[in-house]
2 protein chains.
Amino acid sequence: MLLEAIPDAKVFKAADFIKALNLLEKHIFELLVMDINLPHGDKVGMVEAVRMKQPNILILVCSSYEEHLYALPFLKAGANGYISKTASSDEFKSAVEHVLNGKIYASPAVLNNMFEILFNAKGNDNSPLDTLSAKEIEIAKLLTKGFSTKQIGKHINLSASSVSTYKSKIFEKLGVNNIIELTTYLELNS
Amino acid sequence: MLLEAIPDAKVFKAADFIKALNLLEKHIFELLVMDINLPHGDKVGMVEAVRMKQPNILILVCSSYEEHLYALPFLKAGANGYISKTASSDEFKSAVEHVLNGKIYASPAVLNNMFEILFNAKGNDNSPLDTLSAKEIEIAKLLTKGFSTKQIGKHINLSASSVSTYKSKIFEKLGVNNIIELTTYLELNS
DNA sequence: TGGTGTTGTAGTAATAATTCGACTTTAACC
DNA sequence: GGTTAAAGTCGAATTATTACTACAACACCA
């Protein structure tokens, strides 16, 4: 509705990613506002796929995922902006303007974080995944498969308490709060 | 490799769903073997998308998800077969043969289950989701967002123990064993 | 060569989650 | 209207998980 209110704007809608791709084949667009909880299509890959079809399109990702966790992978994948679904109309308008003016839009926190990561990259290790030890990664993977602390302990011969310690470390390092977030995080940062 | 061993077979590979779709635009294929853990593209939607491009293609879904939980959605979406990634070469060959001969391939357990569901459908309710009460669905959704039993209890004014009871009921009804499976299940059976 | 940080490991106490049984309410069906 | 099944609720007992602490092993580096 906000977009349609813009004079001379032609707005198209697609109910899922496949339909969006079909539209992208037929018309050249200036801006794509994309909901990453769409039924079809995977998250970061969608940005790349769209870029492949239309290299110059502006992409504003709109998502209900927690920003501080998930904005970065999208921006890195080539999105021009990332806005939370819970944002106000004003924020949305501002995001659209930014993007249309060739700027990257994201919340200050996210931009800061991005800045830090880009400049902190002392050559290589910029992914928080790299900061996980081998064992932490192993346990993280088992966690995302749905195994319980106890099961993992049995599996790799550790006390449940040790597994739990690893788990907290992993959560802390990646900044996630529960297994769902961990799973999404690992999916996005494959 | 198994497919390439077939005389006269022309085998194409795609590293992700987008690339697969591109190939499907350029050539007509007899059989598509598709890995549903591909980086791009969502699960059940991929089957539908492929069918849209090539209505007569035979689709064999290959996945590491637990069969009894996840085969059905794919078959319902129009796949011609579902095989586990852990299957033996012989099983795989058999699956391919079945599918090429116009038969549906799935493990006996899955077929049975499918049979039951089709004939048990006393008119309408064939989705296990329908067997969840409104409150169970509400709690299931909150669970897939990563909320803890306690948090949910607070949120909807129930004792943690009641929430936990709902949780077990949900798990039991859907046949899942942990939150990860619940999430995947709900994703697939949107 | 000693300080400092990271990883790997658990025990213990506190907290959270599950199971189970009991009970009430609602719905459904001869 | 009585009977039964399902849904909804919780408390108490049990079990699982976490938070906190501690400590050994190793690496790094100054």
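Note on naming: letters A, B, ... go to the chains in the order of the sequence lines (proteins, then strands), and numbering restarts at 1 for each one.
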Using a 6.0 Å cut-off, check whether atom CD of A:E30 has over 12 heavy atoms from anything other than its own residue.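 It does not: A:E30 CD has 12 such atoms or fewer within range.
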Below 4.0 Å: OP1/OP2 of [N] and any side-chain N or O of [X]:
| X | N | value |
| --- | --- | --- |
| A:K167 | D:dT18 | yes |
| A:K150 | D:dA16 | yes |
| A:S162 | C:dA10 | yes |
| A:S133 | C:dG8 | yes |
| B:K135 | D:dT9 | yes |
| B:S148 | C:dA17 | yes |
| A:Y166 | C:dT7 | no |
| B:T149 | C:dT18 | yes |

Assess the residue pair A:K173 and A:E136 against the criterion (salt bridge (Lys or Arg N to Asp or Glu O under 4.0 Å)); give the C-alpha distance rounded to whole Å, side-chain angles, the decisive distance to 0.1 Å, and a yes or no. CA-CA 10 Å; A:K173 281 188 179 178; A:E136 283 167 345; 2.9 Å; yes
Grab the [atom1]-[atom2] distance between [X] and [N] for me, whole Å please.
| X | N | atom1 | atom2 | answer |
| --- | --- | --- | --- | --- |
| B:K154 | D:dC10 | NZ | C1' | 17 Å |
| A:K169 | D:dA19 | NZ | C1' | 12 Å |
| A:N177 | D:dT18 | CG | C1' | 14 Å |
| A:N178 | C:dA16 | CG | P | 15 Å |
| B:I170 | C:dA17 | CD1 | P | 15 Å |
| B:I139 | C:dT18 | CD1 | P | 12 Å |

Using a 4.0 Å heavy-atom cut-off, does B:S168 contact any base of the nucleic acid, only the sugar-phosphate backbone, or nothing at all?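 Answer is sugar-phosphate: B:S168 comes under 4.0 Å of backbone atoms only.
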If you look at every strand shown and take non-hydrogen atoms under 4.0 Å, does A:S164 touch a base, only sugar-phosphate, or nothing?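 Base, at least one base atom sits under 4.0 Å.
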For the residue pair A:H98 and A:Y105, does the interplanar ring angle fall in the parallel (under 30°), tilted (30 to 60°) or perpendicular (over 60°) class?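 Plane angle over 60°, so perpendicular.
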Note, B:T149 side chain near B:I152 side chain (heavy atom, < 4.5 Å):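 Answer no - side chains too far apart.
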